[in-house]
2 protein chains.
Amino acid sequence: MALSKGQSKGRYRVTINDLSRELGLTKGTVSRALNGYDDISESTRTRVARAAERMGYRPLAQAQAIRTGMARALGLVLNAGPDNTHKPFLTDFLDGISRAASEEGWSLSIATALDEQDEVATIARLVAEHKVDGFILPRTRVSDPRIDLLRDLEVPFVLYGRTGDTEGCAWHDISGEDAMRDAVLRLHGLGHVRIGFVNGDSGFNYAPLRRDGYLAGLAEAGLPHDPDLVRSGAITPQQGMARGAELLDLPNPPTAIVCALDRAALGVYRAAEARGLRIGRDLSVIAYDGIPEAATATPPLTTFAVDTRAAGARLAKLLFARIRGADLNHLREVVPAHLIARGSDGPPPNTEPGPARNTGPTPPTQKGET
Amino acid sequence: MALSKGQSKGRYRVTINDLSRELGLTKGTVSRALNGYDDISESTRTRVARAAERMGYRPLAQAQAIRTGMARALGLVLNAGPDNTHKPFLTDFLDGISRAASEEGWSLSIATALDEQDEVATIARLVAEHKVDGFILPRTRVSDPRIDLLRDLEVPFVLYGRTGDTEGCAWHDISGEDAMRDAVLRLHGLGHVRIGFVNGDSGFNYAPLRRDGYLAGLAEAGLPHDPDLVRSGAITPQQGMARGAELLDLPNPPTAIVCALDRAALGVYRAAEARGLRIGRDLSVIAYDGIPEAATATPPLTTFAVDTRAAGARLAKLLFARIRGADLNHLREVVPAHLIARGSDGPPPNTEPGPARNTGPTPPTQKGET
DNA sequence: CCTGTTGCCGAAACCGGTTTCGGAGCCGAA
DNA sequence: TTCGGCTCCGAAACCGGTTTCGGCAACAGG
């Protein structure tokens, strides 16, 4: 058991040669046994597996890569552009992916890009250099050049989000549309009839979906759709404050506002405070994301939270399946966001306290904290 | 120029064999020419380099890895634990590293861990699997088991931050101590004599350094050190609010507070507001980090900003140098933070407006926005 | 002219795996 | 007994690079 190669200190990997020597088999046989070829007897297969376990053998991914063409790495290209700087859940997201990847002995390789064009170029570079075997594409846009490229290159990928042309796409997504609809229904259940909506960036695919959800909620509640009550383009608190101000300064302002993003909702808070309105009493707000700041705002924000860590893990697993050639129809899933009822919503003002109207399906009212 | 290997579509890498065939040289010669061996004539060296450029040859990192033992990947293990979730600059940091890495044809491999013990285990796993050639260690602690491990394994690493036992350590760091000192001097220059300090998590190495900077500033200004004015453990706005409240409720409260973190300062804002104090007039605040929220707070926060993207890039370059065996003494650098003077600091209240006292070296007063 | 360097490149081993091919043994059937 | 087929493994090529070794030519010195 002496070190065969003197790489300075205690650094020594057990290779497939060590294993084969120990077992009295050729390395080809050992390799086939480990990789489940069916021309290996069950007895030697277990013998090899046991020895590999005992000796702590871990195949060198780089060596496997050169013959198989698989780098055993997942790729993630982050947009590090100026307007995308705020990513509250990035660490959780990475944790989900990384954990799922290392379970399979794969690694997570990340790169950054400054804009859409740079993103595409970076993806192309990683593919050309054979650095990764597939991509996770976060923040999908309605029309997304990254998807076109990967489709063209025939490189596996999965979307965090959906997209316009779903041809060849696998995805995991959170149902923002259901959340927005439930928010409207919940507010209607509390007695609100004028419910505004502040949407996010319409370039991203989630925006039309959440808008549809808001409209579906209105329709389901039997409420009219007043276009004046719908604003969009709010992804920062500042923008949220501006859009909120527009709504509140309307001749007939809403008594409740649904926001597509928590950060926008925090801006609406400020717009309301500036007008002497108390959130949760004079104005109800329900949003979406579940950022930590939402829990410590005054009042705490009622919001639909998403489990970004779980999303990352699911995406990694979907990508594995995709790389291994699974059927696309099994690789498309949309899961609901989780309502966290807090203090920013309540009955509309100027309403006699009484039995709340019962309107169709009762909105979900789970309680919980992050 | 026909595809020699039919990997589905247009996917085709030019290998060293293609190059050698084209040039009429053996691949060994081509390899040596490309890698700067001195037994290759200058003429063929340029001929090979030109052909490689023309044909777009990029060596396959995995193939190089198995012989050289270098994975050509930088490692970064992120702490994804519950209290470390807020990382405002992570994207910028990753961008800095990733960009510097890809310039050298290297990649950035990231993994996550939930606590200190998990971090060490994850690092050990990455080393054992030969996935990376070196590590960037963010958020160094005074006593840091990651450093002990890597020192023991003789694996190259660089610190973002400094540490207690600097033996074998290279680092890039921002001088938080100078920033804190300059903050005190700036406030003293404005006329303040009772200046409080709210520090961060004392487990991290930056905390004692910033505290020393605060004390150095007091000493340099000829101000007494009142232990009552020093608090620590504030890394969230909530904690900042609590520590700020303690200071403001003192019998003889400070007229200015220096915070080790912007987020804590935002909490101090709330503590001050709750007491009817106007920031920038009744209470001056200067902090450190340069988070986006600081710019949009009311009033905008005067703070010492750090360029996290540049730090990431520098760390990557230092790590390259370390891996290539450069002298440690050339791989230790501390750069200053950049003051962004905004509206949260001013002369102390109850002071006759008049010529400001001139106290020794005038504090730096650069103006600028992020 | 012969010899000893030196410059420069070819040949081949090597790294740690995977995959193809062929054949040795064992079995049952004719 | 012989033949065919099946099971299971060894041998060797292969992947795309790097590195060692040896030797051919040109050149300088004696």
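Residue numbers start from 1 in every chain, and the chains themselves are labelled A, B, ... in the order their sequence lines are given, proteins ahead of strands. Keep in mind that this is a model prediction, so the values were computed, not measured.
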Exam field: side chain B/R32 to backbone B/D38, donor-acceptor pair closer than 3.5 Å: no
Distance in angstrom units between A/K27 NZ and D/dC15 P, rounded: 14 Å
Between P of D/dG17 and CG of B/N35, the distance in whole Å: 11 Å
Integer-rounded Å distance: C/dG16 P and A/R21 CZ: 10 Å
Any A/T26 side-chain nitrogen or oxygen under 4.0 Å from OP1 or OP2 of D/dA12: no
Sugar-phosphate, base or nothing in reach of B/S41, heavy atoms under 4.0 Å: sugar-phosphate
Taking every non-hydrogen atom, the tightest pair across B/L74 and B/A316: CD2-CB, 4.0 Å
Interatomic distance where CG belongs to A/L25 and C1' belongs to C/dT18 [whole Å]: 16 Å
Rounded distance in Å - CZ (A/R67) to P (C/dT19): 7 Å
Separation of A/D95 CG from A/L90 CG (nearest 0.5 Å): 11.0 Å
Sugar-phosphate only, base, or nothing, as touched by A/T15 at under 4.0 Å among non-hydrogen atoms: sugar-phosphate
Short side-chain N/O contact to D/dG17 OP1/OP2 from B/N17, under 4.0 Å: no
For atom CD1 of A/I16 and atom P of C/dT19, their distance in whole Å: 11 Å
Whether B/S31 side chain and B/K27 backbone form a donor-acceptor pair below 3.5 Å: no
A/S31 side chain near C/dT18 phosphate (N/O to OP1/OP2, under 4.0 Å): yes
Length of the line joining B/Y37:OH and C/dT6:P, which is rounded to integer Å: 21 Å
Phosphate OP1/OP2 of C/dG17 contacted by A/Y57 side-chain N/O (<4.0 Å): yes
5'-most by nearest nucleotide on DNA chain D - A/G28 or B/V30: A/G28
Nearest-nucleotide comparison on DNA chain C, the residue closer to the 5′ end among B/I66 and B/D38: B/D38
Residue-phosphate contact under 4.0 Å: A/T44 side-chain N/O, D/dC9 OP1/OP2: yes
Donor-acceptor pair (no angle test) under 3.5 Å: A/D39 side chain, D/dC9 base: yes
B/R13 vs D/dG17: side-chain N/O to OP1/OP2 distance below 4.0 Å: yes
Lys/Arg N to Asp/Glu carboxylate O, A/E333 vs A/R314, below 4.0 Å: yes
Between P of C/dC15 and CZ of B/R72, the distance in whole Å: 18 Å
Under-3.5 Å donor-acceptor pair between B/R32 side chain and C/dG10 base: yes
